[in-house]
Amino acid sequence: MDARNARRHEHVAQELEAYAHWFAVPDPSSDGRFLALTLFAECGDAARIARDTVAVFLRGVIVGEVVSDARLAVSELVGNVVNHVVPERHLARPGGCRRIDVTFKLYPRWLFIGVADEDSTPPLLPMGDALCPELTGELMEAVLPDSGRGLMITQRVGAAVWWTPKEGGGKTVWCRFDLDGEGKHRPH
């Protein structure tokens, strides 16, 4: 196997290992931590509460820019629910609040953040680079698309972004941060 195939094989093996950890609740004996938080879109401070919660959850365990990146990502994902989600008819309650469930899973090598809502409409995840930085120069913010900015930001700061449907309706949008095992962000 040449060096290129070996790197590709290693990358696929790492992605599969991350997927296996994302799928399960962390086992306390594996140094994993888990937190679930329920918010309501109408409370007015949902994004701030999610940002503050991730900072507290990571305090003393994760260091460096990943804390800021995780705060930004969860804020964008919760903000998307607040600003865009319309609950499915069978989940909506007249005069009721829109539920947002935030899940944090932390392992020595990964941080997973999931934001669940009551709308089964798939998010429009950005594919690759929407803009060429060399062509936009200092005007990058001015030419970002009107739709999908939050997911684009989340995709840029995280290692991966995806979504899963929820049984009974709704969806969860996930992001993953790769760590070096010492609580520092590992470049992807």
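Computation of the quantities below employed the complete heavy-atom set of this structure, encompassing side-chain atoms and omitting hydrogens, waters and symmetry-equivalent molecules.
- Proximity of Phe177 to Ile62: side-chain heavy atoms (C-beta onward) are nowhere separated by under 4.5 Å.
- With salt bridges taken as basic N to acidic carboxylate O contacts below 4.0 Å, one links Asp117 and Lys171.
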Quiz item: So Asp101 and Leu39, side chain to side chain contact (heavy atoms under 4.5 Å, CB included) or not? Walk me through it.
Solution: CA-CA 6 Å; Asp101 292 313; Leu39 303 167; over 6 Å; no

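- You'll find the side chain of Thr38 reaches within 4.5 Å of the side chain of Phe40, heavy atoms only.
- In this structure, the side chains of Thr53 and Leu35 come closer than 4.5 Å at one or more pairs of heavy atoms.
- In this structure, Pro108 and Leu179 have side chains that are not in contact, with every pair of non-hydrogen atoms separated by 4.5 Å or more.
- The shortest side-chain heavy-atom distance between Leu111 and Leu58 falls under the 4.5 Å cut-off.
- The existence of a salt bridge linking Arg99 and Glu118 is excluded, since no basic side-chain nitrogen approaches an acidic carboxylate oxygen closer than 4.0 Å.
- One finds the CZ atom of Arg109 at 10.5 Å from the CG atom of Asp180 (value rounded to the nearest 0.5 Å).
- Nearest heavy-atom pair across Val161 and Cys175 is CG2-CB, 4.1 Å.
- Note on ring orientation: taking the six-membered ring where Trp is involved, the planes of Trp162 and Trp174 are parallel (angle under 30°, cut-offs 30° and 60°).
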Self-check item: Verdict with reasoning, Leu106 to Val61, per side chain to side chain contact (heavy atoms under 4.5 Å, CB included)
Solution: CA-CA 9 Å; Leu106 177 64; Val61 180; 3.5 Å; yes

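- For Arg98 (side chain) and Val82 (main-chain N/O), a donor-acceptor pair under 3.5 Å exists by modelled atom type.
- Salt bridge Arg71/Asp69: absent, no basic N to carboxylate O contact under 4.0 Å.
- Between Asp119 and Pro87, every side-chain heavy-atom pair lies at or beyond the 4.5 Å cut-off.
- With values rounded to the nearest 0.5 angstrom, Leu151 atom CG is found 6.5 Å from Leu77 atom CG.
- For the pair Arg33 and Phe57, the cation-pi test (distance below 6.0 Å, angle within 45°) is passed.
- Phe112 is not listed as a side-chain neighbour of Thr103, based on a closest heavy-atom distance of 4.5 Å or more.
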Exercise. Apply side chain to side chain contact (heavy atoms under 4.5 Å, CB included) to Leu72 and Ile153, showing your working.
Key: CA-CA 8 Å; Leu72 176 60; Ile153 290 168; 3.5 Å; yes

Practice problem: Please step through side chain to side chain contact (heavy atoms under 4.5 Å, CB included) for the pair Val85 and Asn80, ending with a clear verdict. | Solution: CA-CA 7 Å; Val85 164; Asn80 282 347; over 6 Å; no

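- In this structure, the separation between CD1 on Ile49 and OG on Ser75 is 11.5 Å, given to the nearest 0.5 Å.
- Rounded to the nearest 0.5 Å, atoms CD (Gln155) and CD (Glu76) are 13.0 Å apart.
- When all heavy atoms of Ala50 and Leu37 are compared, the pair lying nearest together is CA-CD2, 4.4 Å.
- Between Asp178 and Trp110, some side-chain heavy-atom pair lies under the 4.5 Å cut-off.
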